[in-house]
Protein chains: 2
Amino acid sequence: MGWALAVVFRGYVKAADAVAEGLPGGHRAYQILSAAARDEPGSQAALAHLLGIDRTVMTYLLDDLVGAGLVERQPDPDDRRSRRVVLTARGRDMLADLDERFRRAEMHLLASLDDPEQQAFRSLLCAVAAHVNDLDPVATACDAVQEISRRADQPRSGTAAARP
Amino acid sequence: MGWALAVVFRGYVKAADAVAEGLPGGHRAYQILSAAARDEPGSQAALAHLLGIDRTVMTYLLDDLVGAGLVERQPDPDDRRSRRVVLTARGRDMLADLDERFRRAEMHLLASLDDPEQQAFRSLLCAVAAHVNDLDPVATACDAVQEISRRADQPRSGTAAARP
DNA sequence: TATTGTTATACTCTATAACTATA
DNA sequence: TATAGTTATAGAGTATAACAATA
């Protein structure tokens, strides 16, 4: 199983980094934007823990995203040590575009499965992931992922993801 | 989905490296032993491609495994440039032990799923992996993985994997 | 004292380049 | 000329350590 897992993961990273070309930080930057948009993070440390990366690496990634004008570090009124990561307007536009591109990349990755199988795979993968980390914020993130993929299964009215 | 995939993959690598403690090369060394035992590889380059690692890295990993007396580099009679990777007797014993330990680690990783769900997850994961690489030897490896997990589902007579 | 975030440093890992030997 | 394997080197990526600010 480890072999298949590695193959799929490498395939995902490769496809995701290709799709996220131009975004400083590659597929991990997308996950930062995605998590920050759901305002789950609260702080850089929480965000880093959620994505499984070191807090120092998070600093570098955020530096690049701030430099690109996609996110801002806002002071947390409740804890002046902490910084809240929030998307700029440009960051939200970028994320909407990335959401659609990543959705298509994932569809391509799972192309060998039919629709119910894809649904089952996503569901099982999320269940395993939720178990691997037995943490609350993690489960929330997984639910959100599920929700996004469910939303994407509905008929689309335009080329880009729905945004007011 | 990328998030869940990363979480599960990291969880697997962490568990696998812990289980493979003492084996030089960690979980990747196990995959080398496993592939070599099925004599799929033929050569170091083919093995490296199968596992998705560079041929130079394969040299280092094999150096350690040879140093530990687990594998041998045998000259290929058909192509004197190539080396066939074969397990020593000690390597086969080690692999049998590792197979059992990895099987338990995977069970623990998928503990949140019931038996049919685990079966479905492995099957779907293999199908996706087979699609990601559209290569023949890859499909073979996946079948073998499936076979091993199927065999492991049969009632066990002892604590260790069946070995004559 | 513990934690957040930053910076600088050191380390690990991986890939690149150059080489030998075969084909 | 192209490929298999090895080696040495350089590069990317990551973690460690030290620091300031705050809890």
Side-chain angles (χ1 to χ4, degrees), chain A residues 6-7 9-10 13-14 16-18 20-21 23-32 35-36 39-67 71-86 135 137, chain B residues 6-7 9-10 13-14 16-18 20-21 23-32 35-36 39-67 71-86 135 137:
Chain A
V7 167
F9 183 69
R10 275 197 307 270
V13 169
K14 188 178 176 182
D17 279 335
E21 198 182 347
L23 180 70
H27 73 282
R28 294 191 302 183
Y30 167 70
Q31 292 187 336
I32 292 176
D39 64 49
E40 289 164 21
S43 72
Q44 295 185 194
L47 203 51
H49 181 254
L50 178 70
L51 302 186
I53 61 185
D54 198 82
R55 59 178 183 166
T56 63
V57 175
M58 179 59 68
T59 298
Y60 305 142
L61 289 172
L62 284 178
D63 283 347
D64 292 341
L65 289 177
V66 169
V71 303
E72 283 179 352
R73 288 182 171 104
Q74 288 185 358
D76 184 340
D78 296 341
D79 187 341
R80 286 196 297 175
R81 296 172 301 182
S82 183
R83 311 292 175 87
R84 301 174 71 89
V85 179
V86 296
L135 287 158
Chain B
V7 167
F9 183 69
R10 274 198 308 270
V13 169
K14 188 177 176 183
D17 279 335
E21 198 181 348
L23 181 70
H27 72 283
R28 294 191 301 183
Y30 167 70
Q31 291 187 336
I32 292 176
D39 63 49
E40 289 164 21
S43 72
Q44 295 185 192
L47 203 52
H49 182 255
L50 178 70
L51 302 186
I53 60 185
D54 197 81
R55 58 177 182 167
T56 62
V57 176
M58 179 59 69
T59 298
Y60 305 142
L61 290 173
L62 284 178
D63 283 347
D64 291 342
L65 289 177
V66 169
V71 303
E72 283 179 351
R73 288 183 172 102
Q74 288 185 357
D76 184 341
D78 295 341
D79 187 340
R80 286 196 296 174
R81 297 172 302 182
S82 183
R83 313 291 175 89
R84 301 173 71 90
V85 179
V86 297
L135 286 158

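The sequence lines fix the lettering, A, B, ..., with proteins before strands; numbering per chain opens at 1. Since the model is a prediction, treat every value here as computed from it, not as a measurement. Any value given below was found using the heavy atoms of this structure, including those in side chains, with hydrogens, waters and symmetry copies removed.
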A:Asp79 CG to D:dA23 P, straight-line distance once rounded to whole Å: 6 Å
Short side-chain N/O contact from A:Thr56 to OP1 or OP2 of C:dT6, under 4.0 Å: no
Touch class at under 4.0 angstrom, heavy-atom based, for B:Arg28 against every strand present: sugar-phosphate
Under 4.0 angstrom between A:Arg73 side-chain N/O and C:dT6 OP1 or OP2: yes
Rounded distance in Å - CG (A:Leu62) to P (C:dT7): 12 Å
Under-4.0 Å side-chain N/O to phosphate OP1/OP2 contact, B:Thr59 with D:dT6: yes
Pair A:Arg84 + A:Asp79: basic N to acidic O under 4.0 Å: no
Nucleotide of C:dT3, D:dA4, C:dT6 approaching A:Arg81 most closely (side-chain heavy atoms): C:dT3
Rounded interatomic separation in angstrom, taking CD1 from A:Ile53 and P from D:dG13: 13 Å
Atom pair distance, as rounded to whole Å: CZ in B:Arg10 and C1' in D:dA15: 15 Å
B:Gln31 side, atom CD; B:His27 side, atom NE2 - distance, nearest 0.5 Å: 5.5 Å
Between P of C:dA15 and CE of B:Met58, the distance in whole Å: 12 Å
Point-to-point distance, once rounded to the nearest 0.5 Å, from CD1 of B:Ile32 to CG of B:Leu65: 5.5 Å
Touch class at under 4.0 angstrom, heavy-atom based, for B:Arg80 against every strand present: sugar-phosphate
Sugar-phosphate, base or nothing in reach of B:Asp76, heavy atoms under 4.0 Å: nothing
B:Asp64 CG - D:dT7 P separation (whole Å): 12 Å
Earlier contact from the 5' end, DNA chain D, for A:Asp54 and A:Pro77: A:Asp54
All N/O donor-acceptor pairs, side-chain side in residues 50-58 of chain A, below 3.5 Å, sequence neighbours left out:
| residue | atom | partner | partner atom | Å |
| --- | --- | --- | --- | --- |
| A:Asp54 | OD2 | A:Thr56 | N | 3.0 |
| A:Asp54 | OD2 | A:Thr56 | OG1 | 2.7 |

Spacing between A:His49 atom NE2 and C:dG5 atom C1', to the nearest angstrom: 17 Å
Any B:Arg83 side-chain N or O less than 4.0 Å from OP1/OP2 of C:dT22: no
Reported CG-to-CD distance for the pair A:Asp76 and A:Gln44, which is rounded to 0.5 angstrom: 11.5 Å
Between D:dT3 (P) and B:Leu47 (CG): distance, integer Å: 19 Å
Of the listed nucleotides C:dT14, C:dG5, D:dA17, the one nearest the side chain of B:Tyr60: C:dT14
